[in-house]
Amino acid sequence: MNKQDLVAQLVRQLQASARAALAARDATTSEARDGATPDEKREDARAAHQQGTLGKAQQKRAQRALAEVDAVAQWKPGKMSAVGVGAIVEIEDPDSGEGRTLFLAPVGAGITLTGPGGDGILSVITPASPVGKAVLGRKEGELVEISDREWQISYVG
């Protein structure tokens, strides 16, 4: 599987998150500035303050997403034998056979990516996440416990 395709998908989703945060910031700023008459603004200073706070939070969200884009855009993960940042990891429940495919990235936890040609779904995890901590440094065939459930690492690439 081409990891650079996965990285490109991750970058696009992080950029979309940044655009959404900037649009929300702009809408909030506009509403705080233009959404009420001066008399209404004086009467409801708390609402104006809350809108200002929300706008600042959206700005921080956008800045974080853009920093994550910068961190990931130049990243080139390679082939691995043990789970590390950049690994594609398949885990299976040894009893039920249920499985998941994970992509361990430096940022982007919770984002869903698709395999080449739409083949398969990969969940982005980070080393700081509980699942990332459980699989980090492990090798194919090892068992890991995630959320009181045992999983076997069936592939590391």
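The figures here come from the full heavy-atom set of this structure, side chains too, leaving out hydrogens, waters and symmetry mates. Along the sequence shown, residues carry numbers from 1.
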side-chain hydrogen bond (donor to acceptor under 3.5 Å, both in side chains) partners for Thr114, two or more places apart
Gln9
Inspect the surroundings of CD in Gln74 and state if more than 12 heavy atoms from other residues, nucleotides or ligands are less than 6.0 Å away.
no
Separation between CG of Asp5 and CG of Leu10, rounded to the nearest 0.5 Å:
11.5 Å
Closest contact, heavy atoms only, Ala105 versus Val85:
C-CG1, 4.1 Å
I want to check something: taking the side chain as every heavy atom from C-beta on, are Ser17 and Ile111 in contact at a cut-off of under 4.5 Å?
no
Please answer: with hydrophobic residues joined when any side-chain heavy atoms are less than 4.5 Å apart, are Leu122 and Trp75 in the same cluster?
yes
Lys139 side-chain N/O to Ser81 backbone N/O, donor-acceptor pair under 3.5 Å
no
For residues 69-89, pull every pair meeting salt bridge (Lys or Arg N to Asp or Glu O under 4.0 Å), keeping only residues two or more places apart or in separate chains.
none
Using side-chain contact (heavy atoms from CB on, under 4.5 Å) as the criterion, list what pairs up with Val107, not counting sequence neighbours.
Leu14, Glu68, Val72
For Arg61, check salt bridge (charged side-chain N to carboxylate O under 4.0 Å, His left out) against everything at least two apart and list the hits.
none
Between CD1 on residue Ile121 and CZ on residue Arg100, distance to nearest 0.5 Å:
12.0 Å
All heavy atoms of Gly137 vs all of Ala82, minimum pair found to be O-CB, 4.1 Å
Enter the distance from Arg25:CZ to Leu22:CG here, rounded to the nearest 0.5 Å.
5.0 Å
Identify the heavy atoms of Val144 and Arg138 that sit nearest to each other, and give their distance.
CG1-NH1, 3.5 Å
How long is the straight-line distance from CD1 of Ile91 back to CG of Leu102, given to the nearest 0.5 Å?
4.5 Å
Show me the donor-acceptor pairs, under 3.5 Å and distance only, between side chains in residues 124-135 and residues at least two apart or in other chains.
| from | atom 1 | to | atom 2 | distance (Å) |
| --- | --- | --- | --- | --- |
| Ser129 | OG | Thr126 | O | 2.8 |
| Ser129 | OG | Gly132 | N | 2.9 |

In short, Pro77 meets Gly86 closest at the heavy-atom pair CB-CA, 3.5 Å
Output side-chain donor-acceptor pairs under 3.5 Å for residues 146-156, partner residues at least two apart or in another chain, one line each.
| from | atom 1 | to | atom 2 | distance (Å) |
| --- | --- | --- | --- | --- |
| Arg149 | NE | Asp93 | OD2 | 3.0 |
| Arg149 | NH2 | Asp93 | OD2 | 3.1 |
| Arg149 | NH2 | Glu98 | OE1 | 2.5 |
| Gln152 | NE2 | Gly141 | O | 3.2 |
| Ser154 | OG | Glu90 | O | 3.3 |

Please check this pair: side chain of Lys3 against backbone of Phe103, looking for a donor-acceptor N/O pair closer than 3.5 Å.
no
